Amino acid sequence: MSIRDDAAALQGDLVQLRRRLHLEPELGLQLPRTQEKVLDAVEGLGLEIALGGSLSSVIGVLRGAQPGPAVLLRADMDALPVAERTGLDFAAQTDRMHACGHDLHTTMLIGAARLLSAHADKLGGDVVFMFQPGEEGYDGASHMVSEGVLEAAGSRVVAGYALHVVSMLPAGTVVTRRGPMLAASDTLCVTVRGAGGHGSTPHRALDPVPATCEMILALQTLVTRTVDIHDPVVITVGSIHGGTQHNVIPDEVQFEATVRSYSRQSHTQIKNGIHRTLRGIAEAHGLDVDIDYTDLYPVTVNDPREAEFAAATATELLGEDRFQWAPHPLSASEDFSRVLDNVPGAMLLLGAAPNGVDPESAPTNHSPLVTFDESVLASGAALYADLAIQRLAMC
Ligand SMILES: [Zn+2]
């Protein structure tokens, strides 16, 4: 039997497992119920199991029949603080929801563990299964890298792969690209400090409002005048707060922005440019400014050769019509970037638009209405498994 046939035979089990995970979403770095379900599901597969210290991760190592290097397969497991409105009969009845499809990732990686355990004779090396909490803003991958996931098999893995379902791509379609795949995402929180006063006598005050307006516009000019248009940056100011009423000059104004970039070079450039611009405008107006710039996730960069390999594997396994190169990176971000900063590998998107819905108009990942086509579970499990088998065969 081929991996694909074996995976198809698991489909019913995978759907049930996915629904059990979907019913009980958990947030952040501690996912005890999810961890329990993963441990139950991989019991008897012959994996060496290690649990996280600072988070409820699960690392499984499968030893292949022949000695060789190790490769890593990653699934994230956490949900979002979104109240589900899908109306599905297995919808979560809490204020949390698997609105990014991480329940599918966890299920597919368990499927891959079952397939690879049954085909361990075909493995020329070891497979590290990385079941990760805290992708949604908690940097769970970074915790797992610190706790040694990359060396879990005894030596550093030679490659790492992750799949992510997307509700707006046709079900079963695999998409990736060489080089930058997802954006770096940073947050900017700014407080502009002046001295409040009466709106009729601004010369007796230090008004932070006009200077804040200048700053926000200058950030947009900074993007268009200093950044290479072929290496784009996005700055969106999503929040601005200051003052109480029309005739009172406030002491301070605050604003917050998200900053997205697609290369390490533009990341450094825009970060420095933001500090310089904001300080310069504040100084010009005799104001103080506090700049709190936080690097969240770095740019997710696919190794070009690993992306080629993953594309060839997906095409061979699923058919040419099921694979597409992404024309440009996505502006979302991912902490799988922490793995790809350390070892070569690739992140792949797996289309999962719900059956009968135009992918273009399907509710997006993170929406309370998002649904995913469960028919992709078997394909995803087979793809994870085949990436490991084929990559180890190349070593
Ligand atoms: Zn996600």
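What you see is a predicted model; the values in this text were computed from it and never measured. Excluded from the calculations below are hydrogen atoms, water molecules and symmetry mates; all remaining heavy atoms, backbone and side chain alike, are included. Counting starts at 1 for both ligands and their atoms, in listed order.
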ask   = Among the protein atoms near the Zn ion (ligand 1), how many are N, O or S and lie under 2.8 Å away?
value = 3
request  = Step by step, work out the side-chain contact (heavy atoms from CB on, under 4.5 Å) result for Phe255 and His241.
outcome  = CA-CA 6 Å; Phe255 67 93; His241 294 283; over 6 Å; no
ask   = Can Arg18 and Phe372 be said to form a side-chain contact (heavy atoms from CB on, under 4.5 Å), step by step?
value = CA-CA 11 Å; Arg18 184 264 164 152; Phe372 300 98; 4.3 Å; yes
request  = Using the test salt bridge (charged side-chain N to carboxylate O under 4.0 Å, His left out), find all partners of Arg156 that sit at least two apart in sequence or belong to another chain.
outcome  = Glu151
query = Would you say Val38 and Ile110 make side-chain contact, with heavy atoms under 4.5 Å?
reply = yes
Pairs involving residues 191-216, ordered by first then second residue, that meet side chain to side chain donor-acceptor pair (under 3.5 Å) (sequence neighbours left out) = Arg193-Glu252, Arg193-Asp290, His198-Ser200, Glu214-His285
request  = Keeping to residues at least two apart or across chains, list the salt bridge (charged side-chain N to carboxylate O under 4.0 Å, His left out) pairs with something in residues 234-244.
outcome  = none
